[in-house]
2 protein chains.
Amino acid sequence: MHDRDELISELGEIFRENGFAGTSLSEITARTGLGKGSLYHFFPNGKSEMAEAVLHNIDAWFQENVFIPLRESDDALDGIDDMFAAVNAYFDSGNRICLVGAFALDNTRDQFLQEVSTYFSDWISALANALKRSGFAAAVAKSMAEEIVLGIQGALVLARSQEDPKIFTRTLKRLQQRIAATDHA
Amino acid sequence: MHDRDELISELGEIFRENGFAGTSLSEITARTGLGKGSLYHFFPNGKSEMAEAVLHNIDAWFQENVFIPLRESDDALDGIDDMFAAVNAYFDSGNRICLVGAFALDNTRDQFLQEVSTYFSDWISALANALKRSGFAAAVAKSMAEEIVLGIQGALVLARSQEDPKIFTRTLKRLQQRIAATDHA
DNA sequence: CGTATACTGTACCGATCGGTACATTTTTTT
DNA sequence: AAAAAAATGTACCGATCGGTACAGTATACG
């Protein structure tokens, strides 16, 4: 494991596969090659601090690659296009789930409530902002943003259930298409 | 615990809250009031047989209350309306998650691949069938059905992440609305 | 160089894990 | 009532859980 960032993203993959409760320290030591000594040196609070770090990394990635472009791109529609491209890359064209969404579903959520909650609310508000800037009325923008974010989450669930990542990519296309097809007031 | 059915639905709630990996036998004995002796009498294969039973019960409920009405209602649009009502009731207006969707996200899926996979494919195909009967072209019906099922799953994720069940109910309304608003070929 | 600091491996902890064995109790059947 | 079957409580199993202690090693820095 080269650096801390690489370690944290490997931790993320482990949590994605097994869930938080389903991830054991022994799997972490096996997959990362790090002994408990090292692990607890980097994360004195153990498993939950590791998950915090992973969530923080995810947040930072989305801030940089999705939320800020959405809010600050000169052309709002360009920012939205960039979002779809970034999201498609991040979720590996439907082969990778959303860890935050997975955490949200069971009582893991309660342990990371702040992170889980703001991840989605930031996303929706950044996207609504871009839609508004692109000409939609505020209420319409808010509603569309919610629909898009939720559509992405649902597509990830369905894609995995069917072992068919194309469900995700075609959903992304449909959502993107609908923005273009909708009246820009 | 009156009967086996009541036991199985309590098991379902426990799995919903904790996930499969996060559910311990000790929590099950505490919540159901049944000792290990009884539990292993009813489910000789332990936790995974309990989950199988829960998934089977869910499937039976959806078959009866959703899939069959969708396929066999005299008026296809009535069947679809019934689906939305049944789904809203089942997911307790956004206060209850979809266990199958939750299982789909992590490696729990692999242990129940058949059940997870057919739950969604049955749902989509039954809904697509009703949409087709109501006048949509086959390809459109298939696409709409996928969009609706995935929208429901995404809404459950988002609602829980925000502790706001209204996200679910308003998504249901929007999806239902869109069927009416779309050209019936 | 020497010394402080960062990192790591190993042994160990009590608690809990899922599961088994089996005798006892309760219920059903005759 | 007697016998059979279903259901249950308890004690116990080895394995693994997350976490700690700490000595040892590597690395950075003066």
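By convention in this document, chain letters (A, B, ...) are assigned in the order of the sequence lines, proteins followed by strands, and residues within each chain are numbered from 1.
Nucleotide C:dC7 holds its P atom 12 Å from the CG atom of A:Asp3, rounded to whole Å. For B:Leu25 and D:dC17, the CG to P distance is 16 Å, given to the nearest whole Å. One interatomic measurement links the two molecules: CZ of A:Arg4 to C1' of C:dA6, which rounds to 13 Å at whole-angstrom precision. Rounded to an integer number of Å, the gap from A:Leu34 CG to C:dT8 C1' is 8 Å. Going from atom CD1 of B:Ile28 over to atom C1' of D:dG9 covers 17 Å, rounded to whole Å.
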Tabulate below the donor-acceptor pairs under 3.5 Å that side-chain atoms of residues 78-93 of chain A make, not counting sequence neighbours, or state none.
{"unit_1": "A:Asp81", "atom_1": "OD1", "unit_2": "A:Gln176", "atom_2": "NE2", "d": "3.0"}
{"unit_1": "A:Tyr90", "atom_1": "OH", "unit_2": "A:Arg16", "atom_2": "NH2", "d": "3.4"}

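For C:dG19, its base sits under 3.5 Å from the side chain of B:Lys36 at one donor and acceptor pair at least.
Side chain of A:Arg109 to backbone of B:Arg160: a donor-acceptor contact under 3.5 angstrom is found. The backbone N or O of B:Ala139 lies less than 3.5 Å from no partner atom in the side chain of B:Ser143, so there is not a single donor-acceptor pair. In this structure, B:Arg178 contributes its side chain and B:Met144 its backbone to no donor-acceptor pair below 3.5 Å. With B:Arg133 contributing its side chain and B:Leu70 its backbone, the two residues share a donor-acceptor pair below 3.5 Å.
Residues forming a ring pair (Phe, Tyr, Trp, His ring centres under 6.0 Å) with B:Phe120 (at least two apart in sequence, or on another chain): none.
In this structure, of C:dC17, D:dC17, D:dT8, it is C:dC17 that holds the atom nearest to the side chain of B:Ser26.
Of the residues in residues 37-54 of chain A, those placing a heavy atom less than 4.0 Å from an atom of DNA chain D are A:Tyr40, A:Gly46, A:Lys47, in numerical order.
As judged by a 4.0 angstrom heavy-atom cut-off over every strand, A:Thr23 is placed among residues touching the sugar-phosphate backbone only.
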